[in-house]
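What you see is a predicted model; the values in this text were computed from it and never measured.
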Number of protein chains: 2
Amino acid sequence: MSVATVSRALRGLPNVAESTRSRVLEVATRLRYEPDPAAARLAAGRTHTVIVVVPHLASWYFSTVIAGAEAVCNESGYEFLVVGVGNIAECDRLLDEQYRIERRTDGVVLVNIVATDAQAQSLRERGVALSTVGTRAAGCPSVFIDDVEVGRLAAETLAGLGHRRIGLISGLGEDPLNFDVPKRRLAGFTIGLREFGLSLDATLVVGGNFGIDGGAEAMAHLLDLGEPPTAVFAMSDEMAFGALMEMSRRGLRPGVDVSVLGVDDHEVARVLSLTTIRQHVASQGAAAARSLIAVMASTPVSLEPVISPIELVIRATTGPPA
Amino acid sequence: MSVATVSRALRGLPNVAESTRSRVLEVATRLRYEPDPAAARLAAGRTHTVIVVVPHLASWYFSTVIAGAEAVCNESGYEFLVVGVGNIAECDRLLDEQYRIERRTDGVVLVNIVATDAQAQSLRERGVALSTVGTRAAGCPSVFIDDVEVGRLAAETLAGLGHRRIGLISGLGEDPLNFDVPKRRLAGFTIGLREFGLSLDATLVVGGNFGIDGGAEAMAHLLDLGEPPTAVFAMSDEMAFGALMEMSRRGLRPGVDVSVLGVDDHEVARVLSLTTIRQHVASQGAAAARSLIAVMASTPVSLEPVISPIELVIRATTGPPA
DNA sequence: CGGCGTGTTGTAAGCGCTTACACTCGTGCC
DNA sequence: GGCACGAGTGTAAGCGCTTACAACACGCCG
């Protein structure tokens, strides 16, 4: 039996007699034979590897996306490589000088990283499939939530409770990556306010950098204002945690003295009884991985973005103004 | 100029004239040439890849270890592959049928996964370097905390405050992997109790499965006892979070009605003012990656385990008994 | 002045696969 | 009965590197 026949049999290609194939399979399992991935890659040009690119690895959101994607890749027999790009320079270096990507992977999942059309195009030309979560990129499947609706729903929720001065802890400004989520949530927030006859007060908008400390500092800033807000919308639960921390430091009661609303439904949110707008992070990661695998397999894939559902989870940190 | 010379020049091997090397380097950067990793692997047998194996990807502890390790690998030019093994069967399959590992990687970091001596031995024979965090394996560098001391310190802290009935929310029992950390912490806890003339009360020991819900259920169980404990040591902050959640559900005040002590110093611990025994998780991941890289480079490495420091962080969830 | 060591470069044989192409051989058909 | 055909199999040429070994130039010593 020639190596060619074995190769064909093992990979399920046609033009192999069933009897031959089963014989090959039997011997292969008996010998615990496993083809060398590097040799296969070299000969066939496919790496059977996906790379997931995230800004930070340690934050809840990203590690949860990663977990969702990893499970799918693992199951589908793809190697799962993760690279963290701390800042925009590193990110652009990765996407521009594509040597880190080309020939190392068949596809990349971009998590909350915006690739320019040129970068996306260039990747596609080099035969690298693309898929994004949190943002969209040209000509590839993507999954994200309706961030405008998130902002609108937040405003509706707080204004609907009767709040008129609503603070906003955003991620805008200090963000190291071209991250446009905060902008969309802000836009929706403004729309939502307008529905209640309110308008955005720029003095009540503070950057929180999507972290606990950032959230705490932002909250401190808001509470130090001459006329502090009676409610605060934090664009992520982690920033909301920081806000709550600052409040407890000052002896303020969440949902009574000041209402706080987050986004994500971080697993600790329920511990803090945080009212939040839930999104399904792991399933977004999984969906992105699935689309990517479909693209790599040349399965026809809808390029229509998948809008992952959100839902308001009311807990104890929101209430009518004092 | 021959390919051999170029190869040697690019990889910094000796026996290349300086003039030649600089000329090669100059041309290589101008042409943005980057060697094909698969071809290099096939020819040289080294993959320049490390695999990190973790039980779950999404939990704070593991994602933080991963973050620490990733940063080091990225910096050192190693590809960073992560695989999650949900249960012990999957884990053993990975470590026994080593085809997923051999020829795919030069080294693996085992995070809180115990490999048998045979498994470790077999990996070494196949030229795969090993390094562990959280546990130790035969003949490879490892980094972990002194879990016995963690348990002892916990008992000392709570008993020192005057508590005599101290509950323990452990990870024991339900654990899907061969995880021996809970056993060591339990042993230390017992030692610590003894220093105060106390002994372990088995009815006050409940499994919490290292998660928030597990912690909450365990706490509920403890509080439902005829004579509930006045203090509780949770073997992880996430279980402590669950315990706090259960307490707030019942209107109990942490540190006043019941004291709670955790382990880790999870980033949310300070939000909840949780008293905890801090460990430096990211730096353990980084240390393990560094040792692994050293082993792969055949740098002499101490096989003496690195004991990562711990420290008691006193916040508000602990106090004298009511 | 020939042999020899040293430092540099070239040659070529793989590494373990994939795949285009050639080949064989039994069918069905005119 | 010869022929086209297609299914099944084999042959061999790479894929892009690494590395043992050969080759060469050069200066040195005996």
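Residue Ser7(A) places at least one side-chain N or O under 4.0 Å from the OP1 or OP2 atom of dT18(C). Between Thr5(A) and the phosphate of dG8(D), there is no side-chain N or O to OP1/OP2 separation shorter than 4.0 Å. The shortest distance between the side-chain N/O atoms of Ser2(B) and the OP1/OP2 oxygens of dT11(C) is not below 4.0 Å. Of the side-chain N and O atoms in Arg11(B), one or more sit less than 4.0 angstrom from OP1 or OP2 of dT19(D).
The residue among Ala4(B) and Ala39(B) whose nearest nucleotide of DNA chain D is located toward the 5' end is Ala39(B). Of the two residues contacting DNA chain C, namely Ala43(B) and Val3(A), the nearest-nucleotide position lying further toward the 5' end is that of Ala43(B). Heavy-atom nearest nucleotides on DNA chain C were determined for Ala44(B) and for Leu13(A), and the one closer to the 5' end corresponds to Ala44(B).
Thr135(A) and Thr132(A) are not linked by any side-chain donor-acceptor pair at a separation below 3.5 angstrom, with hydrogens and angles left out of the test. Side-chain atoms of Asn87(A) and Arg93(A) include no donor-acceptor pair closer than 3.5 Å.
Evaluation of atom-type donor-acceptor distances gives a pair under 3.5 Å for the side chain of Arg8(B) against the base of dG10(C).
Computed from coordinates, the Asp36(A) CG to dG16(D) P distance equals 17 Å when rounded to whole Å.
Residues meeting the side chain to side chain donor-acceptor pair (under 3.5 Å) test with Arg32(B), sequence neighbours left out: none.
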